[in-house]
Amino acid sequence: MFENSTEDADEWYEYDPGADFASPGDVDALRARFRQECLPLDHAHCRDLRPGDKLCLAYYIHGEVEELKYYDAVLETVKRAAHGVEGCACRFTVRWTEGPRSGCLDKVGIKVVCCVPESPIQDPVLSEFLDDLTKKFGEDQGTATTASQQAAPTPISDSEEELCRYSLAYSSSSSLFVL
């Protein structure tokens with residue numbers, strides 16, 4: 001869900017927690033996909049960018065309906081230019097890390113550049129949700145160890161069934177979440 005956007009801009013993905021979360025590492029990978037809002041690069045701060053910085057770039061997908069999407073990229077180089085009345089004229093060479101241009105280099109202007117915050121999202125509801133998913137693996141591991149020691153087959157545990165009931169639909173009024 002995107003902050004300050006209409007519901008029709010939201011993107012929904014169906015997850016099968018039983019298949020998508022095979023280990024605590026899978027939950028950690030999901031946790032890494034959430035982040036704070038990526039703010040547009042301000043003309044006064046373009047000089048703060050350094051090669052290797054993570055960026056989020058606007059990209060128009062042409063089709064039946066032209067659609068604006070945002071994909072991650074890494075800054076390779078900056079060609080500095082004078083700032084005039086119209087603002088920053090610098091050109092940024094980026095390597096796309098996601099989307100239809102993943103792996104490609106492009107030169108872009110400031111109008112499509114958003115900065116990815118370095119700090120992870122600090123949302124207690126999201127943290128609790130993901131921590132609970134991680135704990136379920138610990139409980140399941142204990143159940144599996146006990147079962148293997150008894151050498152008897154065990155049915156699906158209640159904690160596994162509960163894990164499958166979790167929904168990954170999540171929203172917050174203060175953040176942009178990327179899934």
Next item on the list: Taking atom CD of Glu86 as the centre, report whether more than 12 heavy atoms of other residues, nucleotides or ligands fall under 6.0 Å from it.
Entry: no
Next item on the list: State the NZ-SG distance between Lys54 and Cys38, to the nearest 0.5 angstrom.
Entry: 11.0 Å
Item checked: Side chain proximity check, Leu126 to Leu130, heavy atoms < 4.5 angstrom -> yes
Checklist line | Taking every non-hydrogen atom, the tightest pair across Ala81 and Ala89 | finding: CB-O, 3.4 Å
Note to self: To check you understand the geometry: which heavy-atom pair defines the closest contact between Leu30 and Phe34, and what is its length?
What the structure shows: O-CD1, 3.3 Å
Notebook entry, point to check: Could you state the interatomic distance from CG (Leu133) to CG (Asp26), rounded to the nearest 0.5 Å?
Noted result: 10.5 Å
Item checked: Note, Val116 side chain near Arg35 side chain (heavy atom, < 4.5 Å) -> yes
Item checked: Spacing of Lys111 atom NZ and Cys88 atom SG [to the nearest 0.5 Å] -> 11.0 Å
Check: Going by side-chain heavy atoms closer than 4.5 Å, which hydrophobic residues are tied to Tyr71, directly or by a chain of links?
Finding: Leu41, Leu49, Leu55, Leu57, Tyr59, Ile61, Leu75, Val78, Phe92, Val94, Trp96, Val108, Ile110, Val112, Val113
Margin query: Between Arg47 and His83, is there a side-chain heavy-atom distance shorter than 4.5 Å?
Written below: yes
Check: Atom CD in Glu76, atom CG in Asp53: separation rounded to 0.5 Å?
Finding: 11.5 Å
Notebook entry, point to check: Side chain of Arg95, backbone of Cys104: donor and acceptor closer than 3.5 Å?
Noted result: no
Checklist line | Glu37 and Pro117, any side-chain heavy atoms less than 4.5 Å apart | finding: no
Next item on the list: Ignoring hydrogens and angles, tell me if any N or O in the side chain of Asp132 forms a donor-acceptor pair with the backbone of Phe129 under 3.5 Å.
Entry: no
Check: Salt bridge between Arg31 and Asp131, side-chain N to carboxylate O under 4.0 Å?
Finding: yes
Notebook entry, point to check: For Asp72, does its backbone N or O pair with a side-chain atom of Thr97 as donor and acceptor, under 3.5 Å?
Noted result: yes
Next item on the list: Hey, could you give me the SG/CD distance between Cys115 and Gln36, rounded to the nearest 0.5 Å?
Entry: 13.0 Å
Notebook entry, point to check: For Arg80, what residues pass the salt bridge (Lys or Arg N to Asp or Glu O under 4.0 Å) criterion, not counting sequence neighbours?
Noted result: none
Checklist line | Test salt bridge (Lys or Arg N to Asp or Glu O under 4.0 Å) applied to Asp106 - qualifying residues, sequence neighbours left out | finding: Arg101
